[in-house]
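Okay, structure first, notes after.
For the single chain, residues carry numbers from 1 onward in sequence order.
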Amino acid sequence: QVQLVESGGGLVQAGGSLRLSCVASGRTFSSYAMGWFRQAPGKEREFVAAISWSGNSIYGADSVKGRFTISRDNAKNTVYLQMNSLKPEDTAVYYCAARSGGASRRREYDYWGQGTQVTVSS
(Lines give C-alpha, C1' and ligand atoms only; values in the text may rest on other atoms or scores of the structure.)
Protein backbone atom coordinates (compact mmCIF):
# COMPACT_ATOMS: atom_id res chain seq x y z
CA GLN A 1 0.00 0.00 0.00
CA VAL A 2 1.23 3.47 -0.89
CA GLN A 3 -0.20 6.69 0.45
CA LEU A 4 0.43 9.92 -1.42
CA VAL A 5 0.16 13.45 -0.03
CA GLU A 6 0.45 16.47 -2.29
CA SER A 7 1.35 19.98 -1.23
CA GLY A 8 2.48 23.28 -2.73
CA GLY A 9 -0.69 24.41 -4.47
CA GLY A 10 -2.09 27.90 -4.12
CA LEU A 11 -3.07 31.11 -5.86
CA VAL A 12 -0.58 32.68 -8.27
CA GLN A 13 -0.72 35.33 -10.96
CA ALA A 14 -0.28 34.44 -14.61
CA GLY A 15 3.40 34.13 -15.44
CA GLY A 16 4.27 33.00 -11.94
CA SER A 17 5.65 29.73 -10.64
CA LEU A 18 4.74 27.03 -8.15
CA ARG A 19 6.40 23.80 -7.12
CA LEU A 20 4.19 20.91 -6.15
CA SER A 21 5.47 18.10 -3.96
CA CYS A 22 4.10 14.64 -3.41
CA VAL A 23 5.41 12.57 -0.54
CA ALA A 24 4.84 8.82 -0.60
CA SER A 25 4.66 6.49 2.35
CA GLY A 26 6.05 3.01 2.17
CA ARG A 27 9.44 1.51 1.60
CA THR A 28 9.12 0.78 -2.10
CA PHE A 29 8.69 4.27 -3.52
CA SER A 30 11.73 3.85 -5.72
CA SER A 31 10.09 0.95 -7.54
CA TYR A 32 7.07 2.99 -8.66
CA ALA A 33 6.64 5.19 -11.67
CA MET A 34 5.02 8.48 -10.72
CA GLY A 35 2.66 10.77 -12.55
CA TRP A 36 0.94 14.11 -12.20
CA PHE A 37 -2.58 14.65 -13.47
CA ARG A 38 -4.97 17.57 -13.18
CA GLN A 39 -8.69 18.11 -13.27
CA ALA A 40 -10.40 21.40 -13.94
CA PRO A 41 -14.07 21.98 -13.04
CA GLY A 42 -16.36 20.27 -15.50
CA LYS A 43 -13.50 18.52 -17.27
CA GLU A 44 -11.99 15.08 -17.23
CA ARG A 45 -8.80 14.36 -15.36
CA GLU A 46 -5.91 14.81 -17.76
CA PHE A 47 -2.28 13.76 -17.89
CA VAL A 48 0.37 16.34 -17.06
CA ALA A 49 3.69 14.54 -16.63
CA ALA A 50 5.18 11.19 -15.65
CA ILE A 51 8.56 9.86 -14.58
CA SER A 52 9.93 6.35 -14.40
CA TRP A 53 11.19 4.81 -11.16
CA SER A 54 14.77 5.63 -12.10
CA GLY A 55 14.04 9.08 -13.46
CA ASN A 56 15.49 8.11 -16.81
CA SER A 57 12.20 8.30 -18.68
CA ILE A 58 10.08 11.43 -18.53
CA TYR A 59 6.90 12.30 -20.39
CA GLY A 60 4.95 15.52 -20.52
CA ALA A 61 1.72 16.73 -22.03
CA ASP A 62 2.11 19.04 -25.00
CA SER A 63 0.24 21.75 -23.14
CA VAL A 64 2.94 21.99 -20.44
CA LYS A 65 6.13 21.21 -22.35
CA GLY A 66 8.77 23.85 -21.81
CA ARG A 67 6.95 25.15 -18.73
CA PHE A 68 6.53 22.22 -16.30
CA THR A 69 9.25 19.84 -15.10
CA ILE A 70 8.75 16.60 -13.21
CA SER A 71 11.51 15.20 -11.01
CA ARG A 72 11.89 12.80 -8.12
CA ASP A 73 14.10 12.21 -5.12
CA ASN A 74 13.90 8.56 -4.14
CA ALA A 75 15.85 9.17 -0.95
CA LYS A 76 13.05 11.50 0.18
CA ASN A 77 10.17 9.47 -1.26
CA THR A 78 9.11 12.61 -3.10
CA VAL A 79 8.13 13.58 -6.60
CA TYR A 80 8.00 17.21 -7.69
CA LEU A 81 6.28 19.23 -10.36
CA GLN A 82 7.95 22.56 -11.05
CA MET A 83 5.48 24.81 -12.84
CA ASN A 84 6.71 27.98 -14.53
CA SER A 85 5.03 30.54 -16.78
CA LEU A 86 1.67 29.56 -15.38
CA LYS A 87 -1.47 30.39 -17.33
CA PRO A 88 -5.09 30.73 -16.21
CA GLU A 89 -5.87 27.53 -18.12
CA ASP A 90 -3.52 25.66 -15.76
CA THR A 91 -6.06 26.19 -12.98
CA ALA A 92 -7.09 22.77 -11.67
CA VAL A 93 -6.76 20.29 -8.86
CA TYR A 94 -3.44 18.53 -9.31
CA TYR A 95 -3.07 14.88 -8.33
CA CYS A 96 -0.01 12.72 -8.05
CA ALA A 97 -0.22 9.02 -8.71
CA ALA A 98 1.94 5.92 -8.44
CA ARG A 99 2.03 2.73 -10.45
CA SER A 100 4.18 -0.36 -10.61
CA GLY A 101 5.78 -0.80 -14.00
CA GLY A 102 6.68 1.94 -16.43
CA ALA A 103 5.55 5.54 -16.55
CA SER A 104 2.30 6.05 -18.38
CA ARG A 105 0.24 8.90 -19.82
CA ARG A 106 -2.93 6.97 -19.11
CA ARG A 107 -4.86 7.04 -15.83
CA GLU A 108 -3.82 3.43 -15.14
CA TYR A 109 -2.19 4.20 -11.82
CA ASP A 110 -2.56 2.12 -8.69
CA TYR A 111 -2.52 4.86 -6.07
CA TRP A 112 -3.70 8.47 -6.05
CA GLY A 113 -3.27 11.41 -3.73
CA GLN A 114 -6.09 13.65 -2.54
CA GLY A 115 -5.08 16.55 -4.79
CA THR A 116 -3.92 20.11 -4.31
CA GLN A 117 -5.62 23.16 -5.81
CA VAL A 118 -3.72 25.42 -8.18
CA THR A 119 -5.40 28.67 -9.20
CA VAL A 120 -3.84 31.02 -11.72
CA SER A 121 -5.31 34.50 -11.95
CA SER A 122 -5.14 36.61 -15.10
Before giving the answer on side-chain contact (heavy atoms from CB on, under 4.5 Å), spell out for N74 and F29 the whole-Å C-alpha distance, their side-chain angles and the decisive distance to 0.1 Å. CA-CA 7 Å; N74 288 342; F29 173 78; 3.2 Å; yes

Between the main-chain N or O of W36 and the side-chain N or O of Y109, is there a donor-acceptor pair closer than 3.5 Å? no

Check this for me: K76, atom NZ, are more than 12 non-hydrogen atoms of other residues, nucleotides or ligands nearer than 6.0 Å? no

Where R106 and S104 come nearest, the two heavy atoms and their spacing: N-OG, 3.0 Å

Verdict with supporting geometry, Y80 and S71, side-chain contact (heavy atoms from CB on, under 4.5 Å): CA-CA 5 Å; Y80 304 98; S71 62; 3.6 Å; yes

Is it true that F37 and V79 fall in one hydrophobic cluster, defined by side-chain heavy atoms closer than 4.5 Å? no

Rounded to the nearest 0.5 Å, what separation is found between the OG1 atom of T119 and the CD atom of Q13? 13.0 Å

Which pair of heavy atoms, one from A33 and one from G101, lies closest together, and at what distance? CB-O, 3.5 Å

Just to verify, which of L20, L86, L18 counts as forming a side chain to side chain contact (heavy atoms under 4.5 Å, CB included) with F68? L86

Let me check something: do L4 and F47 share a hydrophobic cluster, defined by ILVMFWY side-chain heavy atoms less than 4.5 Å apart, either directly or through other members? no

Look up atom CZ in R19 and atom OG1 in T69, then write down how far apart they are to the nearest 0.5 Å. 11.5 Å

Main-chain N/O of E6 paired with T116 side-chain donor or acceptor, under 3.5 Å: no

Should we count CD of E108 as having more than 12 external heavy atoms under 6.0 Å? yes

Does CD belonging to Q3 count more than 12 external heavy atoms closer than 6.0 Å? no

Hydrophobic cluster membership, with links at side-chain heavy-atom distances under 4.5 Å among I/L/V/M/F/W/Y: are Y94 and I70 in one? yes

Heavy-atom closest pair (S122 atom, A14 atom, distance to 0.1 Å) is CA-CB, 4.4 Å

Report the residues that fulfil salt bridge (charged side-chain N to carboxylate O under 4.0 Å, His left out) with E89, sequence neighbours left out, ordered by chain and then residue number. none

So how far is it from Q117 CD to T91 OG1, rounded to the nearest 0.5 Å? 7.0 Å

Here the disulfide bond (SG atoms under 2.5 Å apart) pairs for residues 45-75, sequence neighbours left out, are none

W53 vs Y32, test: side-chain contact (heavy atoms from CB on, under 4.5 Å). Steps then yes/no. CA-CA 5 Å; W53 68 269; Y32 286 90; 5.9 Å; no

Between the CD1 atom in I58 and the CE atom in M34, the distance rounded to the nearest 0.5 Å is 13.5 Å

Using a 3.5 Å distance criterion without hydrogens, assess whether the side chain of R105 forms a donor-acceptor pair with backbone atoms of G60. yes

Between V5 and Y111, is there shared hydrophobic-cluster membership here, with clusters defined by ILVMFWY side-chain heavy atoms closer than 4.5 Å? no

Sidechain N-carboxylate O distance under 4.0 Å for D90, K87: no

Give me each pair satisfying disulfide bond (SG atoms under 2.5 Å apart) with a member in residues 81-117, each pair once, sequence neighbours excluded. C22-C96

Shared hydrophobic cluster for V12 and V64 (ILVMFWY, side-chain gaps under 4.5 Å): yes

Flag side-chain contact, heavy atom, 4.5 Å: W112 against R107: yes

Side-chain donor or acceptor of D73 paired with backbone N/O of T78 under 3.5 Å: no

What distance separates N77 CG from S30 OG, expressed to the nearest 0.5 Å? 7.5 Å

Here the pair of heavy atoms bringing R72 nearest to G55 is CD-N, 4.3 Å

In the structure I gave you, are the side-chain heavy atoms of V118 and R38 within less than 4.5 Å of one another anywhere? no

